[in-house]
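Per chain, numbering begins at 1; letters A, B, ... match sequence-line order.
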Number of protein chains: 2
Amino acid sequence: MDHDAPTRPVKTVQTAFEIVLTLRDLTEATVTELASELDLAKSTVHRHLMTLTEQGWVVRDGAQYRVGLRFLDVGIATRNANPIYRYTCDRVADLAEKTGEKAWCIVEQNGRGVHLYGESGTSPVQTYARPGQLTYLHQHAAGKSILANRPREEVERIIEVHGLPEITDQTITDPDELFEELEKTRRRGVAFNEEESVVGLNAVGAAITDQSGYALGAISISAPVARLQPEEMESDIAELLIETVNEIEINMEYAGGQDEYPLE
Amino acid sequence: MDHDAPTRPVKTVQTAFEIVLTLRDLTEATVTELASELDLAKSTVHRHLMTLTEQGWVVRDGAQYRVGLRFLDVGIATRNANPIYRYTCDRVADLAEKTGEKAWCIVEQNGRGVHLYGESGTSPVQTYARPGQLTYLHQHAAGKSILANRPREEVERIIEVHGLPEITDQTITDPDELFEELEKTRRRGVAFNEEESVVGLNAVGAAITDQSGYALGAISISAPVARLQPEEMESDIAELLIETVNEIEINMEYAGGQDEYPLE
DNA sequence: AAAGGTTGTTCGAAGCGCTCGAACGACACT
DNA sequence: AGTGTCGTTCGAGCGCTTCGAACAACCTTT
């Protein structure tokens with residue numbers, strides 16, 4: 001999996017989390033299922049599950065094991081500790097209400113995007129996004145606006161680690177094309193997503209930056225192509241997003257030193 | 001901590017999660033801080049953090065480490081997989097809107113309560129509850145209505161494991177008193193919380209049960225004592241809750257075999 | 001009702017790999 | 001330059017994880 005080992009990882013911990021992830025993917029599983037899936041001894045899996053269950057990381061229901069809600073506890077706690085979340089979630093709700101469409105707030109972590117908070121407007125678009133979801137930054141508007149406001153070397157490192165996987169015909173998969181797109185995004189102040197992540201879905205995104213212009217996160221509005229045409233994306237929606245971002249940035253600057261938390 | 005060891009837990013995994021929990025409590029910490037806090041060698045903590053960071057469970061920002069949003073990913077996924085969440089969240093929102101107060105949906109896991117989903121009404125009560133929060137079932141209305149619809153042996157086992165910790169003067173701390181209260185709750189169909197978890201806060205809760213009458217979860221409405229007096233709790237609010245529960249239970253029965261998931 | 005298939009669970013031993021402390025390197029502040 | 005930090009690397013020792021086999025509990029099958 002990894003080319004080399006700068007520091008040897010703790011293998012036991014890796015298998016523990018592998019169990020958790022498999023459990024999440026399967027929704028529920030028995031000891032034997034997990035053992036065969038992960039190619040481990042039943043007894044090993046059993047011991048791990050006992051350990052995880054004791055602390056609520058895993059719950060058992062008869063023979064079936066499931067991921068415990070303690071992950072939700074820790075997950076929500078970290079989200080709430082994130083200033084981007086605190087300063088954007090109300091604004092995201094406003095955007096959803098004003099536009100009637102889906103609005104999201106997204107941050108970067110380890111070179112990937114994480115959906116922090118989303119709110120649906122009156123016209124429910126059945127998107128498959130959910131809070132906590134891990135995405136590739138080059139595949140959507142919010143992600144591209146984050147990349148557009150990061151140093152080029154950082155973007156290059158992200159491409160190196162994660163690549164530019166394709167998800168629809170429209171996904172940008174060429175690094176040069178991406179850098180061109182980021183340049184355009186910087187000039188416009190907003191990023192567009194024209195069916196690059198989901199066929200039939202367009203979106204506009206704008207980055208939230210600190211005083212130095214470094215992107216801390218982004219917000220976006222998405223809607224079916226029928227309701228969100230390029231001309232509207234460039235005018236009304238773009239303007240609304242930029243206004244909102246300005247408001248958020250001002251609020252964050254005022255709080256300033258209060259909550260020290262540069263957040264990569 | 002534990003009286004005896006039925007099966008020896010995997011110590012390495014325990015320390016890994018201890019690191020995560022300490023990190024959550026401190027919001028952020030350095031290697032040395034964690035090492036001294038947990039009484040481990042710096043190198044050990046470092047190796048663990050490297051392992052956890054590689055998978056996104058932990059994020060580093062220079063010298064500071066923080067819990068990663070991957071916990072949110074897994075946490076939200078398990079919440080969404082939970083039928084109680086799927087069938088109650090819209091109804092909880094309705095309740096919040098109708099009453100103008102705070103409404104919650106809660107489930108039991110490992111003998112403790114977990115706040116699954118909450119929605120505020122128009123009158124914002126600054127409660128300290130958040131989704132994912134771990135609570136004691138005997139300390140609030142929703143929890144008591146769950147206990148009231150579980151076999152007595154199960155309640156006894158929960159008391160044995162978790163005790164009946166006091167949080168306010170009004171908290172029930174005597175097992176006999178609790179069983180009496182649960183009996184009353186069963187007769188009424190709803191449970192009351194009169195400043196038993198937070199001074200100045202009252203609440204009413206009702207259990208969601210399966211066909212056999214076994215509690216799967218509960219919903220509750222809470223408000224400051226000034227706005228939620230006993231007489232109202234027993235009439236309007238109680239009725240509203242019971243109606244809502246009936247609606248939820250019918251919806252769940254119809255879906256029936258669709259999503260097999262007894263969910264303790 | 002007994003037999004054969006599941007399953008989860010316990011046990012002991014073998015040896016992997018986790019933990020530790022000390023040494024190293026990088027950085028900031030004096 | 002010097003002296004505190006800090007994070008990081010390295011090499012052993014032995015703790016503890018892993019495994020497989022045996023056990024027990026439970027269905028299904030005959």
Rounding to a whole Å, what distance do you find between [X]:[atom1] and [N]:[atom2]?
X       : N      : atom1 : atom2 : answer
A/Ile19 : D/dT18 : CD1   : P     : 8 Å
B/Leu40 : D/dT8  : CG    : P     : 16 Å
A/Gln14 : C/dC16 : CD    : C1'   : 15 Å
A/Gln64 : C/dG8  : CD    : P     : 8 Å
A/Tyr65 : C/dG8  : OH    : P     : 8 Å
B/Leu38 : C/dT19 : CG    : C1'   : 14 Å
A/Leu49 : D/dT18 : CG    : C1'   : 15 Å
A/Met50 : C/dG8  : CE    : C1'   : 11 Å

- request: Between B/Thr15 and A/Val31, name the one whose nearest nucleotide on DNA chain C is closer to the 5' end.
  value: A/Val31

message: If you assign each of A/Glu33 and A/Val10 to its closest nucleotide in DNA chain C, which residue comes earlier from the 5' end?
response: A/Glu33

Short side-chain N/O contact to [N] OP1/OP2 from [X], under 4.0 Å:
X       : N      : value
A/Arg47 : D/dT18 : no
B/His46 : D/dG7  : no
B/Ser43 : C/dC20 : no
A/Arg60 : C/dT7  : no

query: Among A/Thr209, A/Ile208, A/Asp210, which one satisfies side chain to side chain contact (heavy atoms under 4.5 Å, CB included) with A/Met252?
result: A/Ile208

query: With ring centroids as reference points, do A/Trp57 and B/Phe17 lie under 6.0 angstrom apart?
result: yes

query: What does B/Thr12 touch in the nucleic acid at a heavy-atom separation under 4.0 angstrom: a base, only the sugar-phosphate, or nothing?
result: sugar-phosphate

message: Should the side chain of B/Thr30 and the base of D/dG7 be counted as holding a donor-acceptor pair, with the cut-off at 3.5 Å?
response: no

message: Taking atom types as they are modelled, would you say the side chain of B/Lys42 forms a donor-acceptor pair with the base of D/dG7 within the 3.5 Å cutoff?
response: yes

message: Regarding B/Tyr214 and B/Glu154, do their side chains bring together a donor and an acceptor under 3.5 Å, going by distance alone?
response: yes

message: Please tell me whether B/Thr51 and A/Gln14 have a donor and an acceptor in their side chains that are separated by less than 3.5 angstrom.
response: no

task: May I ask you to decide if the ring planes of A/His162 and A/Tyr136 are parallel, tilted or perpendicular, using 30° and 60° as cut-offs?
output: perpendicular

